[in-house]
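Residues take their numbers from the sequence shown, with the count starting at 1.
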Amino acid sequence: MEKFADEAIIEVSSGSGGNGCAAFRREKYVPRGGPSGGDGGRGGNVLFTVRRNLRTLAHLRYKRNFKAENGRDGGNGGRYGHNGADVIIPLPPGSLIREVETGTLIKDFSLNNEKEDFLFLKGGNGGWGNIHFKSSVNQAPVKALPGKPGIAVKLKIELQIIADIGLVGFPNAGKSSLLDHFTNARPKIAAYPFTTKIPNLGVLTAGERDIIIADIPGLIEGASAGAGLGLRFLKHISRTQALAFLIDLSDSNYLEAFDILLNELNSFSDKLIKKKRIIVGTKTDLEEADVWLASGRLAELAAKYPEEEITGISVFSGGGINELTRVLLRITEETLAEEELPSQTEDGMSEEALYFEGDDL
């Protein structure tokens, strides 16, 4: 699977406008032939577009400089220069564009605008040719204007995963194993802390619907204060539509795990605990879990949280997997039906296009 890349620094430049031309026709009885210099072409724009087939920013590791084409100079005979070609930069859904120097949020791409191209930088205007400066007192102007220069801006691109279901839990709770069972993501799996150091995405096909599942790296107590890998990946949880809390029933802290995880999410953002969720007890095949007895750990978990929806699974034996699939499908469909798309970004900025114009210099 392609390595997940969630940050990239790039430099983008709009094209400069072409210079206007100072030229003259050669006609009898016309002073110096009359002005005939055409305008320069406009420089190319810088645009961003969302591509749903992109899941990471890996493509920005290989190309970090994007420059639109300059406009061509004007010519004789009133010929206008060609406009420069735009440069279009593809990004995956959930990308944020920030200015490197100030950290200002420029654009937050969400599902509501994924089909729109975002105009960020306008190319410089082309300069006027001397055909524009003819007057009754100046029949043969030699004046022509240069094109306006383009603008170069250094940007930081951040990717916050947009997924239907986010798998949340402590290291070794079984998130990667479940994702591997559900999808073909094939994350690396082993029995040691922080197995998952990068978010993994997979697609679970349930009936006629594809459910995007994100395996978020394991959280630890204190994650919201920066402990472990928490701060870096808590932001990814914020862009999932619903959450599945995986609790390792073979671990000694199985009764406290959900409270700790919920507290970390709440400390980062109280919006996270308002998402639809389900508690999933994992590793029911292990002897320590003893879930098939009335006094088993899954029953204890259900008794402690009577208002939560709780189910148990074993990736190894397949027990409970079909039931979990049905639950995730239901939660996904309910979330999509209730979803209200925001009109503003997280910084309160309008989602209207923000751009700098080369001709404002």
Side-chain angles (χ1 to χ4, degrees), residues 7-21 37-54 56-75 78-129 131-132 144-159 343-345 347 349-361:
E7 290 184 355
I9 303 294
I10 64 174
E11 184 169 334
V12 299
S13 306
S14 57
S16 297
N19 298 318
C21 176
D39 298 347
R42 185 181 181 89
N45 303 320
V46 176
L47 301 98
F48 291 90
T49 188
V50 170
R51 296 282 186 261
R52 293 205 62 179
N53 61 320
L54 289 178
T56 76
L57 300 177
H59 62 294
L60 299 183
R61 283 185 285 167
Y62 308 111
K63 183 177 181 181
R64 296 181 180 271
N65 293 285
F66 298 85
K67 189 178 188 314
E69 187 179 27
N70 293 333
R72 301 291 182 85
D73 294 342
R79 293 191 298 270
Y80 283 45
H82 290 294
N83 293 332
D86 297 338
V87 62
I88 302 177
I89 305 168
L91 295 177
S95 298
L96 295 102
I97 305 174
R98 298 183 185 274
E99 193 172 7
V100 168
E101 293 184 1
T102 64
T104 302
L105 178 64
I106 295 172
K107 184 68 173 178
D108 180 356
F109 282 105
S110 299
L111 290 176
N112 63 317
N113 55 22
E114 62 184 13
K115 294 183 179 180
E116 299 176 3
D117 288 341
F118 169 58
L119 175 59
F120 173 55
L121 294 178
K122 278 189 174 181
N125 279 336
W128 279 4
I131 197 172
H132 290 281
L145 297 181
K148 296 290 185 178
I151 298 178
V153 180
K154 188 170 286 187
L155 301 174
K156 181 179 183 180
I157 311 298
E158 300 176 4
L159 175 59
S343 59
Q344 292 187 326
T345 67
D347 288 354
M349 297 177 60
S350 170
E351 284 289 306
E352 295 294 327
L354 171 67
Y355 55 83
F356 301 92
E357 298 192 32
D359 40 327
D360 286 341
L361 291 179

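At a threshold of 4.5 Å between non-hydrogen side-chain atoms, the residues Lys67 and Val87 do not count as touching. For the pair Val153/Phe120, a side-chain contact is recorded, criterion being any heavy-atom separation below 4.5 Å from C-beta on. Side-chain contact check for Ile10 versus Phe66: some heavy-atom pair is nearer than 4.5 Å.
The side-chain contact (heavy atoms from CB on, under 4.5 Å) check on Asn45 picks up Arg42, Leu47, Asp86, Leu119, Lys122, with sequence neighbours excluded. Looking at residues two or more places apart in sequence or on another chain, you find a salt bridge (Lys or Arg N to Asp or Glu O under 4.0 Å) between Lys156 and Glu7, Glu158.
When all heavy atoms of Asp39 and Trp128 are compared, the closest pair comes out as OD1-CA, 3.3 Å. Contact detail for Gly15 and Ala68: the closest heavy-atom pair is N-CB, 3.6 Å. The heavy-atom pair separating Gly103 from Arg98 by the smallest distance is O-NH1, 3.4 Å. Across all their heavy atoms, Ile9 and Lys154 have their closest contact at CG2-CG, 3.8 Å. Nearest heavy-atom pair across Ala152 and Glu11 is CB-OE2, 3.8 Å.
Counting heavy atoms of neighbouring residues, nucleotides and ligands inside a 6.0 Å radius, atom NE2 of His132 exceeds 12 of them.
Checking side-chain atoms of Ser16 against main-chain N and O of Gly124 turns up no donor-acceptor pair under 3.5 Å. Without hydrogens or angle criteria, Arg72 side chain to Gly18 main chain gives no donor-acceptor distance under 3.5 Å. Looking at Asp73, its side chain never comes within 3.5 Å of a backbone N or O of Gly40 through a donor-acceptor pair.
The CD1 atom of Ile89 lies 8.5 Å from the NE2 atom of His59; values are rounded to the nearest 0.5 Å. The SG atom of Cys21 lies 10.0 Å from the CD1 atom of Ile131; values are rounded to the nearest 0.5 Å. Rounding to the nearest 0.5 Å places CD of Glu99 at 7.5 Å from CG of Leu155.
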*asked:* Test side chain to side chain contact (heavy atoms under 4.5 Å, CB included) on Leu91 and Ile97; report intermediate values, then the result.
replied: CA-CA 10 Å; Leu91 295 177; Ile97 305 174; 4.1 Å; yes
*Please assess Ser95 against Leu57 for the test side chain to side chain contact (heavy atoms under 4.5 Å, CB included), listing each intermediate value before the final yes or no.*
CA-CA 9 Å; Ser95 298; Leu57 300 177; 4.2 Å; yes
